[in-house]
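Here the structure is laid out as C-alpha cells; the discussion comes afterwards.
First the proteins, then the strands, lettered A, B, ... as listed; each starts at 1. The figures here come from the full heavy-atom set of this structure, side chains too, leaving out hydrogens, waters and symmetry mates.
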Amino acid sequence: MENAEVVAMLGEIADLLELTNENPFKVRAYRRAAQVVDTLPVPISELVHKGELGSLPGVGDHTAERIAQFVESGTCDVLERLRGKVPPGVMELLRIESVGPKTAALVWKELGLTSVDALEEAALSGRLATLPRMGAKRAEAIVSAVARHRSRQGRVPLHRALPYAEDLVARLRAIPGVKQAIAAGSLRRHKETVGDLDLLVSSTDPERVVSAFPKLPGVTTLLAQGPTKSTVRLSVGLQVDLRVLPPESFGAALHYFTGSKAHNIALRTRALHRGLKVSEYGVFDAKGRRIAGEREEDVFRAVGLPWIPPELREGLGELEAAAAGRLPTLIEEEDLRGDLHVHSEASADASSSLLELASAARGFGRSYLAITDHSRSRPLGLDEARLREHLDTIRWMDRELRGRPHLLAGIEVDILPDGSLDLGAEVLSELDCVVASVHSRFNMSSEEMTERMVRALRSGLVHVLGHPSGRLIGSRDPYPYDLERVLEVAREEGVALEVNAQPERLDLTDSACQRAKEAGVKLVISSDSHNAQHLDDLRHGVWVARRGWLEAGDVLNTLSLSELRRHFRRSRRVSPSTWTGEGPGLAP
DNA sequence: GCCGTTTTCGGCCCGACTGTTTTCAGTCG
C-alpha cells in the first residue's frame with residue numbers, strides 16, 4: 001500500500017462529499033488529511049500498525065479509522081457508499097477548469113452528463129446554455145477548458161519554471177510606476193515543482209501594469225483580467241497570475257501569495273484568535289485599522305511571531321515552532337564549503353576535465369571538490385586498475401591546484417544487487433570519499449532493496465549513500481525501500497545520506513531530510529555534476545534541505561576540509577592499515 | 001471531520017473575477 005493511494009482515497013472522498021453537497025468543512029478536513037499524508041516520508045502502513053495515525057495533525061479518530069481500514073483491505077465503507085451515489089465519470093468533470101462541484105452536480109442531475117465527452121458535446125450543442133446560470137460564454141469556456149484538460153501536462157519542475165518567472169519579473173520591473181516585483185507562490189517556497197506562477201507587483205499605477213501584462217513576450221492567452229489582477233497562459237503552457245497592490249500592502253500581499261494555503265489558513269486563524277484580520281491588504285484590528293502590511297516581517301510580528309522563511313510555510317508545524325522560539329536557522333548556500341559528488345570526463349556520461357571542474361568550483365567559491373566517477377559496472381566505468389591511474393591524476397592535480405580548490409579522490413561506487421560494492425575493499429579504503437549508489441535492478445521488493453542498501457552501509461567503506469531513492473522527477477518513481485531502516489543503520493554506521501541537487505533528482509526529498517535529521521543522521525548536499533556548469537545546481541539541493549528544516553550543522557559539507565576528513569575518518573571502520581584482504585567490499 | 005490563548009461544542013481565512021445576473025453564486029487561489 002503506497003501513501004499515494006491513501007492520498008488518492010482521501011481526495012476522492014473529499015470530491016464525492018462535495019458532489020453530494022456535504023458540509024464544506026468536512027470536505028476540507030479530508031483534503032487537509034490528504035495533504036498531511038502526502039508529505040509523510042514514511043509508509044503510512046507503519047503508522048497504522050503502530051497505532052500512531054492519530055498523532056498526525058488534521059487526522060482525527062474518524063479519518064484514522066478510514067485510513068486503517070483502507071490500508072488493511074484496499075477500500076473503506078465510506079468510500080464505497082459514496083461511490084454508489086455518484087457515477088465515476090462525474091468525478092472527472094471536476095478536473096475541468098471552471099467546473100467545480102456545483103456545476104458538475106448540475107449537469108449530471110439536469111442533463112444526465114457523466115463524462116467529459118458528454119459535457120463537451122452538451123456545450124457545443126447548446127444544451128448546456130439552457131441550464132440556470134449557464135450561457136453561451138460559459139459553454140465556450142468549458143469547451144476550451146476540455147481541450148486544455150486533454151492536453152494537460154501536470155506541475156512543472158522548479159528549475160524549468162524559474163527562467164520564465166525571472167524574465168517576467170524583470171519585464172514587470174521595467175514598467176513605469178512599478179516599485180517592486182517578485183515571484184511568490186510555490187516558486188518562492190522553492191517547492192520541487194510548481195503548478196503556476198504567482199507574480200506580485202506594487203505600483204502607484206495598477207491599471208498600467210495590468211494592461212501591459214498580457215502583451216509581454218511569451219504570453220499567448222488572456223484568461224481573466226480585472227483592475228488589480230490578471231491571469232494569462234504562456235506559450236509553454238504555464239499559467240501566470242499577476243496581482244498589483246499598493247506599496248503599503250506589499251508585505252501582506254507577499255505573505256499571502258507566497259502561501260501555502262494551509263499556512264495562510266493557520267496564520268489567519270491565529271490572527272482571528274487575537275482579534276485581528278489578515279488579508280492580502282494588511283493586518284487589521286477590530287476597528288478595521290491597518291496595523292501592518294508594508295513589510296512581510298511586520299505581518300508576522302503583528303500576530304506575535306518572528307518572520308518564517310518561505311520554505312517552511314507548509315502548514316506543518318512552522319507556526320507552533322515560531323511561537324515557541326524553535327524555528328531552525330536554515331542552511332544557506334554560502335554555508336557550503338565543498339561538493340562531494342562530481343563526475344569528470346573519466347565517466348562516460350560526463351564531459352569536463354579536472355581542470356575545468358576545479359576552475360568552475362573556484363568560481364563558485366568552493367574550497368574542496370570530491371571527484372567521484374563511476375565504477376566498473378557502469379558503461380566504461382572505472383575498474384581497479386583504471387581507478388588507481390585516475391587517483392594518481394587527481395592527486396597530482398590537487399598538488400598543482402594548491403588548495404584552490406582541494407581535490408578529494410573519490411568514487412561513486414555501485415551497490416550491486418546483492419548489496420556488495422562494485423570495487424574491492426582495498427582500493428575503496430584508500431579513497432577520501434566513497435559515495436555508494438544504486439544504479440540497477442530498480443524493480444526489487446522493498447525488503448530486498450532495503451537489505452541491499454543496509455549491506456552496503458554495513459561495509460565500513462562508505463561515507464555517503466548517493467541519491468537514496470533513485471527517483472527522477474516526472475519520469476521514474478523512487479524504488480521502494482524502508483527509509484526508517486536505512487536511517488537506523490546509517491546512524492549506527494556513521495554514513496551520511498545525500499541530498500542530490502540535480503534538479504531532476506532532488507533525492508532525498510524535503511520531508512525525508514527532516515526524518516533523517518530527527519533520526520540523527522548527517523546529510524551532504526551534492527551536485528552530482530556531470531559538467532562544470534552543473535556545479536551551480538547545489539543551490540537546488542540547499543532549497544530542498546531548507547524545506548526539510550536543515551541547519552548548517554546537519555550538513556557535512558559545511559565543514560572545513562580538515563573537519564570533514566576527521567569526520568570521515570571517525571565514521572569509517574575499514575582503513576588501508578586495517579584492511580585484511582578479505583573479499584571485495586564486503587562487511588566482515 | 002477537526003480542534004481548543006474564549007470553546008469538548010460551535011465554530012471553521014479571505015478576497016478577486018466571471019458570467020449571468022439586476023444582486024450574486026460559483027470558482028479559484
>> Counting the atoms with a prime plus P, OP1 and OP2 as sugar-phosphate, which does A:Arg66 contact under 4.0 Å by heavy atoms, base, sugar-phosphate, or nothing?
In response: sugar-phosphate
> Considering only side-chain heavy atoms of A:His62, which listed nucleotide, B:dG1, B:dG19, B:dG15, is closest?
Replying inline: B:dG1
> A:Phe257 near the nucleic acid: base, sugar-phosphate alone, or nothing, with a heavy-atom cut-off under 4.0 Å?
Replying inline: nothing
>> Quick check on A:Glu297: does its CD atom have over 12 non-hydrogen neighbours (other residues, nucleotides or ligands) under 6.0 Å away?
In response: yes
> Toward the 5' end of DNA chain B, which comes first, A:Ser230 or A:Phe25, by nearest nucleotide?
Replying inline: A:Phe25
> With rounding to whole Å, what would you report as the distance between B:dT22 and B:dC28 at their P atoms?
Replying inline: 23 Å
> Which is true for A:Thr231 with a 4.0 Å heavy-atom rule: it touches a base, it touches only sugar-phosphate, or it touches nothing?
Replying inline: nothing
>> Just to be sure I understand the rule, does A:Val59 reach a base, reach only the sugar-phosphate, or reach nothing, if contact means heavy atoms closer than 4.0 Å?
In response: sugar-phosphate
>> Would you say A:Gln225 places a side-chain N or O within less than 4.0 Å of OP1 or OP2 belonging to B:dA16?
In response: no
> Using a cut-off of 4.0 Å on non-hydrogen atoms, how would the nucleic acid contact of A:Lys261 be classed: base, sugar-phosphate, or nothing?
Replying inline: base
> Mind checking the C1' distance from B:dT6 to B:dC12? Whole angstroms is fine.
Replying inline: 15 Å
>> Over all strands shown, is A:Pro24 touching base, sugar-phosphate only, or nothing at heavy-atom distances under 4.0 angstrom?
In response: nothing
> When the distance from CD of A:Glu280 to P of B:dC28 is rounded to whole Å, what number comes out?
Replying inline: 18 Å
> Within the structure shown, what part of the strands sits under 4.0 Å from A:Arg138 by heavy-atom distance: base, sugar-phosphate, or nothing?
Replying inline: sugar-phosphate
>> Show the nearest heavy-atom pair for residues A:Ser186 and A:Arg155, with the distance to one decimal.
In response: OG-NH2, 3.7 Å
> Will you find, in the side chains of A:His149 and A:Glu92, an N or O donor that is under 3.5 Å from an N or O acceptor?
Replying inline: yes
> Under 30°, 30 to 60°, or over 60°: which ring-plane class applies to A:His190 and A:Trp543, parallel, tilted or perpendicular?
Replying inline: parallel
> Which part of the nucleic acid, if any, lies within reach of A:Pro132 when heavy atoms closer than 4.0 Å are counted: base, sugar-phosphate only, or nothing?
Replying inline: nothing
> Counting any heavy atom closer than 4.0 Å, what does A:His273 reach on the DNA or RNA strands: base, sugar-phosphate only, or nothing?
Replying inline: base
> Relative to the 5' end of DNA chain B, which residue comes earlier, A:Arg270 or A:Arg28, by the nucleotide with the nearest heavy atom?
Replying inline: A:Arg270
>> Distance alone, cut at 3.5 Å: any donor-acceptor contact between the side chains of A:His263 and A:Glu318?
In response: yes
> Please give, in whole Å, the distance from B:dC9 P to A:Asn23 CG?
Replying inline: 18 Å
> Between B:dT8 and B:dG4, how far is it from one C1' atom to the other, in whole Å?
Replying inline: 8 Å
> Taking the side chain of A:Arg243 as heavy atoms from C-beta outward, which of B:dC17, B:dA25, B:dA16 is closest to it?
Replying inline: B:dA16
> Distance check: side-chain N/O of A:Tyr256 vs OP1/OP2 of B:dA16, anything under 4.0 Å?
Replying inline: no
